[in-house]
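Since we're looking at a predicted model, the values are computed, not measured.
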Amino acid sequence: MPGEPQRYGPPGRTTGHGELAGIGLELFTQRLAGTGRVCGVQFRPGGFRPFAPDRPVSAWTGRRLPYGTAAEAAAALGPDDEDRRVAALDALLLARGPHPAPQARQAMELARRIRTDRTVRRVSALARDAGLPVRTLQRFFADWVGVPPKWVVLRHRLHDALERAGRPDGVDWAALAAELGYSDQAHLVRDFTATIGVSPAAYASSSATTAK
């Protein structure tokens with residue numbers, strides 16, 4: 001639960017636990033206490049479904065669930081050598097017998113385009129370019145990415161807003177909202193504050209102070 005400390009045991013202990021964390025939809029903090037080690041794998045959009053083909057990726061969104069056995073966790077956490085830990089994580093995942101699927105590559109490509117093409121602002125345009133009806137694209141993202149395509153578009157456009165907010169010459173937030181595809185400035189401010197944790201003005205002020 002957000003805010004509760006994640007506690008670790010004394011140095012040298014190789015017991016632990018595995019966890020599957022879906023895409024987080026809200027801000028959270030995780031306090032760490034004690035001494036220990038964390039190993040993890042971050043999947044590209046579309047990359048996890050082959051390891052759990054029986055359920056849509058949206059089934060894990062916003063959730064953190066136990067994953068694997070204590071023995072598997074110990075095997076991944078125990079080695080002091082990083083290459084051995086990576087090999088243990090690979091073995092843990094490959095033992096699940098992933099089922100390669102062309103949809104995984106398609107999901108990765110669509111997510112890559114949203115990330116790199118700043119002109120992608122509307123789901124309808126993305127669906128048209130992908131040759132899919134909007135509803136089909138929405139179901140596809142739920143199945144393979146875990147969140148709606150609109151959520152992905154807005155998050156990457158917020159990254160654009162973060163870059164602008166850090167500039168020393170200031171930001172015309174109303175113009176930026178229109179440029180990024182928001183309905184109005186208030187919508188951008190609400191989304192920015194909910195995602196980043198502070199208002200655009202506070203973030204810009206903090207960035208200016210840090211730059212000095």
Side-chain angles (χ1 to χ4, degrees), residues 2 18-28 39-68 86 89-164 176-184 186-197:
E19 181 179 83
L20 171 62
I23 294 176
L25 301 178
E26 299 177 349
L27 285 171
F28 74 94
C39 299
V41 177
Q42 182 177 18
F43 287 87
R44 295 169 62 187
F48 182 71
R49 180 71 186 272
F51 294 88
D54 296 334
R55 302 184 69 180
V57 179
S58 57
W60 320 114
T61 299
R63 306 177 67 190
R64 296 171 63 174
L65 303 169
Y67 190 79
V86 170
L89 284 171
D90 285 344
L92 186 156
L93 291 170
L94 292 175
R96 268 65 180 167
H99 299 267
Q103 295 95 325
R105 185 172 295 277
Q106 184 181 9
M108 292 178 191
E109 175 55 29
L110 287 170
R112 184 202 64 78
R113 184 178 171 200
I114 293 172
R115 184 182 73 253
T116 60
D117 185 350
R118 296 189 175 186
T119 67
V120 177
R121 300 170 188 165
R122 303 290 181 186
V123 173
S124 58
L126 181 67
R128 183 180 62 250
D129 293 345
L132 298 172
V134 170
R135 294 295 297 273
T136 300
L137 181 68
Q138 291 170 335
R139 289 193 296 269
F140 179 81
F141 266 68
D143 287 344
W144 290 87
V145 180
V147 288
K150 182 178 180 180
W151 190 94
V152 181
V153 170
L154 289 179
R155 287 306 172 274
H156 283 295
R157 299 298 75 83
L158 275 178
H159 291 171
D160 296 341
L162 281 170
E163 291 181 10
R164 302 287 188 86
L176 180 60
E179 180 183 338
L180 297 180
Y182 281 88
S183 56
D184 53 35
H187 185 191
L188 170 59
V189 170
R190 287 195 301 271
D191 207 13
F192 189 105
T193 304
T195 304
I196 308 304

**Study point:** I23 versus V145, closest heavy-atom pair with distance
**Key:** CD1-O, 3.3 Å
Review point. If you measure from the Lys or Arg side-chain nitrogens to the Asp or Glu carboxylate oxygens, is any gap between R164 and E179 under 4.0 Å?
Key: yes
Point to revise | Residues F48, W144; criterion side chain to side chain contact (heavy atoms under 4.5 Å, CB included); working and verdict | key: CA-CA 8 Å; F48 182 71; W144 290 87; over 6 Å; no
Review point. So which heavy atom on A104 is nearest to which on G46, and how close?
Key: CB-O, 3.4 Å
Practice item. Find out whether V120 and R113 are in side-chain contact, i.e. whether some heavy atom of one side chain is under 4.5 Å from a heavy atom of the other. Key: yes
Review point. Taking atom CZ of R105 and atom CZ of R112, what is their separation to the nearest 0.5 Å?
Key: 12.0 Å
Exercise for review: Compare all side-chain heavy atoms of V147 with those of S58 and state whether any distance is below 4.5 angstrom.
Suggested key: no
Exercise for review: May I ask you to decide if the ring planes of H156 and H159 are parallel, tilted or perpendicular, using 30° and 60° as cut-offs?
Suggested key: perpendicular
Point to revise | D143 backbone acceptor or donor facing R49 side chain under 3.5 Å | key: yes
**Study point:** L176 CG to L180 CG distance, which is reported to the nearest 0.5 Å
**Key:** 4.0 Å
Point to revise | Distance (rounded to the nearest 0.5 Å) between L132 CG and L137 CG | key: 6.0 Å
Practice item. Given side chain to side chain contact (heavy atoms under 4.5 Å, CB included), test V57 with F141 step by step and report yes or no. Key: CA-CA 9 Å; V57 179; F141 266 68; over 6 Å; no
Review point. Is the cationic atom of R96 (NZ for Lys, CZ for Arg) positioned less than 6.0 Å from the six-membered ring centroid of Y67 and within 45 degrees of its normal?
Key: yes
Study note, to complete from the structure: To the nearest 0.5 Å, atom CG of L110 lies from atom CZ of F140 at 6.0 Å
Check your understanding: Would you say the side-chain atoms of T61 pair up with the backbone N or O of G146, donor to acceptor, closer than 3.5 Å?
Key -> yes
**Study point:** Distance (rounded to the nearest 0.5 Å) between Y182 OH and R157 CZ
**Key:** 9.0 Å
Review point. Are any of the side-chain nitrogens in D129 or R122 under 4.0 Å away from the carboxylate oxygens of its partner?
Key: no
**Study point:** Over all atoms of both residues, closest heavy-atom pair of W151 and G24
**Key:** CZ2-O, 3.9 Å
Check your understanding: Distance from R155 atom CZ to T195 atom OG1, nearest 0.5 Å?
Key -> 3.5 Å
Study note, to complete from the structure: What one should report as the nearest heavy-atom pair of V134 and S124 is CG2-CA, 3.9 Å
Check your understanding: More than 12 foreign heavy atoms under 6.0 Å from CD of E26: is that the case here?
Key -> no
Practice item. Answer yes or no: is there a side-chain heavy-atom contact under 4.5 Å between P53 and H99? Key: yes
Check your understanding: Considering only heavy atoms from C-beta outward, does the side chain of P66 approach that of E19 to under 4.5 Å?
Key -> no
Point to revise | Side-chain heavy-atom pair L92, V41 within 4.5 angstrom cut-off | key: no
Review point. Is there side-chain contact between I196 and L158, with heavy atoms separated by less than 4.5 Å?
Key: no
Check your understanding: Taking all non-hydrogen atoms of both residues, which atom of L126 and which atom of I114 are closest, and how far apart?
Key -> CD2-CD1, 3.6 Å
Practice item. State whether E163 and R118 are salt-bridged, where the test is any N-O pair (Lys NZ or Arg NE/NH1/NH2 against Asp/Glu carboxylate O) under 4.0 Å. Key: yes
Review point. What heavy-atom pair brings P50 and G47 nearest, and what distance separates the two atoms?
Key: CD-O, 3.4 Å
